[in-house]
Amino acid sequence: MSRFLLRRVLFGVLVLWLVATTVFLLFFAGPADTVARRLAGPRAPIEVIDQIRNTLGLDRPLWDQYLSFLGKLLHGDLGVSFISQTPVTTLIAQSLPGTLWLVFGAAVLWMTAGITGGVLSATKPRGLRDRVTTVLVLAGISLPTFVLGMLMIYLALSVFPWSGLQPGPYVSPLWDFAGFLQVMIMPWICLAVVQAAVYVRLTRGSMLDTLGEDYIRTARAKGAPERRVTYRHGLRAALTPVVTQFGVDIGTLLGGVVVTESVFGLQGLGQLMIRSVRNGDLPVIIGAAILASAFIVIANILVDVAYSFLDPRVRLA
């Protein structure tokens with residue numbers, strides 16, 4: 001197991017190095033004046049361009065800049081925002097908690113609903129329960145996130161004002177737990193509805209394939225209870241593609257849930273990236289891009305670890 005984890009971690013480090021190298025070449029390769037102009041923006045005065053060139057050392061050889069770039073990354077230095085003159089790590093640290101709580105809270109909801117709905121549909125295929133679930137899945141997949149979010153805000157503020165639910169910026173649960181729930185419940189449900197629809201369909205298809213395997217028929221022939229066959233033998237094997245999708249979704253969403261954060265005004269990492277792109281604040285864009293890549297790599301490593309428990313044969317790969 002330790003060798004398996006070591007291989008996956010080393011592969012993840014290699015991927016992050018390739019991402020960092022690509023980002024560096026994309027933004028810093030070229031003549032110093034051209035790079036400084038690109039970083040400062042097309043309307044920046046010459047004084048700002050000269051300051052950026054001197055601050056970042058763009059006149060140095062490219063390999064020297066590259067080693068300095070990697071060294072700062074290894075020390076957690078992502079630079080300083082051109083707009084607010086605030087360290088990028090500080091901006092990310094301020095925006096990240098809202099995104100983390102949004103993604104993990106919604107993940108609990110969509111995984112619970114998705115796996116439960118998929119298993120119930122697969123155990124009675126083409127029955128009434130399966131058909132109702134299929135209709136709900138199609139509705140969830142077809143409904144845009146921003147439409148669902150705006151509908152939820154309208155219902156919370158106009159139809160059910162007594163609920164106390166309201167859109168607004170992220171509130172730490174350590175400071176105000178009631179306010180935290182008031183702000184986060186609607187985004188959780190909004191994000192979970194769309195994601196759960198995908199997981200219901202994925203779990204159902206995987207369960208139908210698994211329940212048709214020979215070892216499932218053998219377990220039934222031996223007189224094993226149907227619940228044991230379904231949940232202990234069938235569900236464990238069927239979770240492999242579900243875990244794969246979950247790792248991809250978590251890694252991607254942690255990079256910024258742009259639409260959901262925008263609709264509910266959460267001021268998370270997605271909102272930070274939107275403001276940075278709009279203002280041309282490249283240090284923040286670069287830092288957020290590398291952080292999003294790190295989330296995806298970490299999520300895939302955790303998926304591989306989960307695979308090793310679901311199917312021990314994976315450790316030999």
Side-chain angles (χ1 to χ4, degrees), residues 2 5-32 34-41 44 48-101 103-104 170 172 250-256 267-277 279-302 304-305:
S2 58
L5 288 176
L6 180 61
R7 289 198 304 269
R8 293 300 188 267
V9 170
L10 290 178
F11 181 75
V13 172
L14 175 62
V15 171
L16 288 178
W17 172 71
L18 291 175
V19 169
T21 301
T22 302
V23 169
F24 174 82
L25 294 176
L26 182 64
F27 289 105
F28 294 99
T34 303
V35 173
R37 167 66 68 179
R38 185 166 61 240
L39 294 174
V48 175
I49 297 175
D50 291 338
Q51 180 182 2
I52 290 176
R53 183 174 59 243
N54 295 330
T55 301
L56 299 180
L58 299 178
D59 293 325
R60 294 179 297 167
L62 188 61
W63 64 267
D64 191 14
Q65 297 180 48
Y66 176 66
L67 293 179
S68 177
F69 176 78
L70 291 182
K72 290 180 179 179
L73 285 182
L74 292 176
H75 288 86
D77 184 1
L78 299 175
V80 178
S81 168
F82 291 157
I83 305 300
S84 63
Q85 296 301 309
T86 304
V88 175
T89 52
T90 301
L91 294 175
I92 291 177
Q94 294 172 349
S95 303
L96 189 57
T99 300
L100 289 175
W101 277 111
V103 173
F104 287 122
Y170 165 77
S172 173
I250 287 292
T252 303
L253 292 174
L254 285 177
Q267 303 300 324
L269 193 58
Q271 286 289 88
L272 175 64
M273 292 186 68
I274 290 178
R275 292 196 303 270
S276 301
V277 170
N279 297 327
D281 199 351
L282 288 182
V284 181
I285 297 174
I286 292 172
I290 293 176
L291 180 65
S293 301
F295 281 140
I296 294 175
V297 169
I298 293 172
N300 278 276
I301 292 175
L302 295 178
D304 290 337
V305 174

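Worth saying up front: this structure is predicted, and the values here are computed from it rather than measured.
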Q85 side chain reached by V80 side chain, heavy atoms, under 4.5 Å:
yes
With a 4.5 Å limit on heavy-atom distance, are the side chains of L78 and I286 in contact?
no
Could you measure the distance from the CD atom of Q271 to the OG1 atom of T99? Nearest 0.5 Å is fine.
9.0 Å
Side-chain polar contacts of residues 13-29 - donor-acceptor pairs under 3.5 angstrom, sequence neighbours left out - could you list them?
unit_1	atom_1	unit_2	atom_2	d
W17	NE1	Y66	OH	2.8
T21	OG1	W17	O	2.8
T21	OG1	Y66	OH	2.7
T22	OG1	L18	O	2.8

Using a 4.5 Å cut-off on heavy atoms from C-beta on, say whether the side chain of S81 contacts that of L91.
yes
CG of L70 to NE2 of H75: how many Å apart, nearest 0.5 Å?
12.0 Å
With side-chain contact (heavy atoms from CB on, under 4.5 Å) as the test, pick out the partner of I298 among I296, L302, N300.
L302
Looking at residues at least two apart in the chain, or sitting in another chain, which of them share a side-chain hydrogen bond (donor to acceptor under 3.5 Å, both in side chains) with Q65?
none
When rounded to the nearest 0.5 angstrom, what distance separates CG in L67 from NZ in K72?
12.5 Å
Do T89 and D77 have side chains that approach each other closer than 4.5 Å (heavy atoms only, starting at C-beta)?
no
What distance separates S95 OG from Q267 CD, expressed to the nearest 0.5 Å?
8.0 Å
Minimum heavy-atom distance L269-L96, with the two atoms named
CD2-CD1, 4.1 Å
Tell me the closest heavy-atom pair linking P97 and A93, and the distance in Å.
CD-O, 3.1 Å
Taking all non-hydrogen atoms of both residues into account, name the closest pair between V284 and S276 and its distance.
CG1-OG, 3.0 Å
How many angstroms lie between CG in L253 and CG in L100, if you round to the nearest 0.5 Å?
11.5 Å
Can you tell me how far the CZ atom of F11 sits from the CD1 atom of I301, to the nearest 0.5 Å?
9.5 Å
